[in-house]
Amino acid sequence: MTKILNVHQLGKSYNSGSKKLTVLDDISFQINEGETFAIVGPSGSGKTTLLGLAAGLDYPDLGTIELCGVDLDNLDEDERALLRNSNVGFIFQNFQLLPTLTALENVIVPLELQGKTNVEKIGKDLLSKVGLSDRIDHYPSQLSGGEQQRVALARAFSSRPSILFADEPTGNLDEETGEKVVQLLFDLNKEAGTTLVIVTHDLDLARKCKRILRLKGGRVLADTHSEQL
Ligand SMILES: Nc1ncnc2c1ncn2[C@@H]1O[C@H](COP(=O)(O)OP(=O)(O)OP(=O)(O)O)[C@@H](O)[C@H]1O
Ligand SMILES: [Mg+2]
């Protein structure tokens with residue numbers, strides 16, 4: 001099996017005042033291509049930090065990350081951006097939509113960056129999949145939290161990533177919409193073979209994934225196949 005993500009002895013700390021706060025300590029795991037992988041743990045345990053490092057959005061203090069066969073240490077900022085644009089989708093905990101762009105424009109930005117044509121149709125199709133056909137011209141400030149989350153999801157899907165990192169993808173959604181979104185994520189995994197790395201507090205969602213990594217206080221508590229739970 002090809003490893004799409006290889007995280008080796010990762011460490012990250014922040015300076016807060018005169019104190020050093022260790023947020024991640026000696027984290028190692030590997031994910032196979034096409035796998036579904038959940039990261040769970042209490043608030044503050046380092047889940048979002050770990051996702052940002054694994055996706056090459058931030059830099060670790062210690063350890064190495066191989067993403068899509070490339071050691072991120074060997075890439076400069078531009079090369080990282082290129083790798084992310086072509087292979088990686090990211091759904092942020094706080095969505096990070098561009099405030100001056102409409103829902104549709106937000107969804108097609110990654111495609112435009114890749115120089116694709118016919119992007120409007122693709123964007124509209126994706127927004128329709130997440131139930132937002134009648135919101136395509138809304139700006140983020142005119143959308144509810146759950147709607148913004150669904151736009152972020154459509155955007156992450158748009159470039160057909162080989163690996164998708166999702167930070168609490170159902171965190172702001174009602175049960176029914178949450179289930180729809182989960183269905184979309186797993187459809188993407190089945191149909192396009194997209195590897196899913198999902199941070200979640202929702203244990204039902206975590207159990208749908210093949211593997212579950214449990215973090216506590218920045219350390220790995222357990223790395224299990226979900227059937228074992
Ligand atoms: N830029 C930063 N500077 C200082 N401390 C930070 C910074 N970013 C995160 N932290 C700290 O690192 C710890 C882990 O944060 P992180 O966002 O990874 O937690 P999390 O597991 O995603 O929590 P949640 O479930 O609440 O989203 C927290 O205690 C947080 O206060
Ligand atoms: Mg978080």
Side-chain angles (χ1 to χ4, degrees), residues 4-5 31 33-39 48 51-52 54-57 67-68 81-99 101-140 143-174 176-200 202 205 208-210:
I4 194 159
L5 180 65
I31 303 181
E33 218 162 40
E35 208 168 16
T36 53
F37 191 84
I39 301 172
T48 295
L51 218 58
L57 295 164
L67 178 62
C68 303
L82 210 65
L83 176 69
R84 280 199 303 271
N85 271 336
S86 50
N87 289 297
V88 182
F90 205 101
I91 302 169
F92 295 92
Q93 195 165 13
N94 54 1
F95 324 130
Q96 299 207 1
L97 299 176
L98 297 166
L101 301 185
T102 64
L104 180 60
E105 288 163 351
N106 262 287
V107 171
I108 61 184
V109 161
L111 298 171
E112 284 175 332
L113 281 172
Q114 290 178 13
K116 293 241 163 72
T117 52
N118 217 2
V119 294
E120 243 188 66
K121 173 163 178 4
I122 300 173
K124 283 180 182 165
D125 284 350
L126 282 164
L127 281 169
S128 139
K129 271 196 175 166
V130 296
L132 290 176
S133 289
D134 51 356
R135 297 285 189 282
I136 59 174
D137 293 323
H138 279 53
Y139 290 92
L143 295 166
S144 75
E147 288 169 348
Q148 290 179 49
Q149 190 151 32
R150 283 182 278 155
V151 174
L153 198 79
R155 177 180 62 183
F157 285 2
S158 67
S159 48
R160 303 182 68 79
S162 42
I163 182 164
L164 177 65
F165 295 92
D167 199 350
E168 293 283 357
T170 58
N172 296 279
L173 305 177
D174 61 86
E176 197 184 324
T177 315
E179 272 170 21
K180 260 194 220 150
V181 159
V182 168
Q183 196 59 50
L184 283 170
L185 284 169
F186 284 84
D187 283 353
L188 195 72
N189 169 257
K190 275 215 192 73
E191 286 159 19
T194 303
T195 308
L196 302 180
V197 185
I198 303 173
V199 166
T200 185
D202 175 353
L205 171 53
K208 288 201 172 87
C209 295
K210 192 170 164 218

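With hydrogens and angles disregarded, a donor-acceptor distance shorter than 3.5 Å links the side chain of Gln148 to the backbone of Leu143. With hydrogens and angles ignored, the 3.5 Å screen pairs a side-chain donor or acceptor of Thr194 with a backbone N or O of Pro161. Of the possible polar contacts, none joining the Arg155 side chain to the Val109 backbone as a donor-acceptor pair under 3.5 Å is found. The backbone N or O of Glu168 sits less than 3.5 Å from a side-chain atom of Gln149, completing a donor-acceptor pair. The backbone N or O of Gly171 lies less than 3.5 Å from no partner atom in the side chain of Asp202, so there is not a single donor-acceptor pair. Side-chain atoms of Thr170 never come within 3.5 Å of backbone atoms of Leu173 as a donor-acceptor pair (strictly under, hydrogens ignored). Side-chain atoms of Ser128 never come within 3.5 Å of backbone atoms of Ser133 as a donor-acceptor pair (strictly under, hydrogens ignored). In this structure, the side chain of Asn106 engages the main chain of Leu98 through a donor-acceptor pair within 3.5 Å.
With values rounded to the nearest 0.5 angstrom, Asn189 atom CG is found 13.0 Å from Lys208 atom NZ. With rounding to the nearest 0.5 angstrom, the CD1 atom of Ile91 is 11.5 Å from the CZ atom of Phe165. Atoms CD1 and CG, from Ile108 and Leu104 in turn, are 4.5 Å apart once rounded to the nearest 0.5 Å. Put simply, CD on Glu120 and CG on Leu111 are 11.5 Å apart, with the number rounded to the nearest 0.5 Å. Remark: Leu126 CG to Lys121 NZ distance equals 10.0 Å, nearest 0.5 Å. Rounded to the nearest 0.5 Å, atoms OG (Ser159) and CZ (Arg84) are 12.0 Å apart.
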Practice prompt. Kindly indicate, with the supporting measurements, whether the criterion side-chain contact (heavy atoms from CB on, under 4.5 Å) is fulfilled by Ile4 and Phe37.
Written response: CA-CA 12 Å; Ile4 194 159; Phe37 191 84; over 6 Å; no
Worksheet item: Step by step, would you call Ile122 with Phe157 a side-chain contact (heavy atoms from CB on, under 4.5 Å)?
Response: CA-CA 10 Å; Ile122 300 173; Phe157 285 2; over 6 Å; no
Worksheet item: Can Leu5 and Thr195 be said to form a side-chain contact (heavy atoms from CB on, under 4.5 Å), step by step?
Response: CA-CA 10 Å; Leu5 180 65; Thr195 308; over 6 Å; no
Worksheet entry | Intermediate values then yes/no, side-chain contact (heavy atoms from CB on, under 4.5 Å), Ile163 and Cys68 | CA-CA 8 Å; Ile163 182 164; Cys68 303; 4.3 Å; yes
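Taking all atoms of both residues into account, the shortest heavy-atom contact from Asp137 to Thr102 is O-CG2, 3.6 Å. Nearest heavy atoms, Leu127 versus Ala154: CD2-CB, 4.2 Å. Smallest separation of non-hydrogen atoms from Leu67 and Ala54: CD2-O, 3.6 Å. Contact record, Lys116 with Val119: O-CG1, 3.4 Å, taken as the closest heavy-atom pair. Here the closest heavy-atom approach between residue Pro140 and residue Pro99 is recorded as CD-O, 3.7 Å.
Residue-environment remark: CZ (Arg160) stays at or below the threshold of 12 foreign heavy atoms within 6.0 Å.
Residues Thr36 and Phe186 form a side-chain contact, since some pair of their non-hydrogen atoms from C-beta on lies under 4.5 Å apart. Looking at Leu132 and Glu147, their side chains come closer than 4.5 Å, going by heavy atoms from C-beta outward. By the 4.5 Å heavy-atom criterion applied to side chains, Pro169 and Ile198 are counted as neighbours.
Just one of Asp167, Leu153, Asn172 meets the side chain to side chain contact (heavy atoms under 4.5 Å, CB included) condition when paired with Phe95; it is Asn172.
Between Lys129 and Asp125 there is no salt bridge, since no side-chain nitrogen of the basic residue lies less than 4.0 Å from a carboxylate oxygen of the acidic one.
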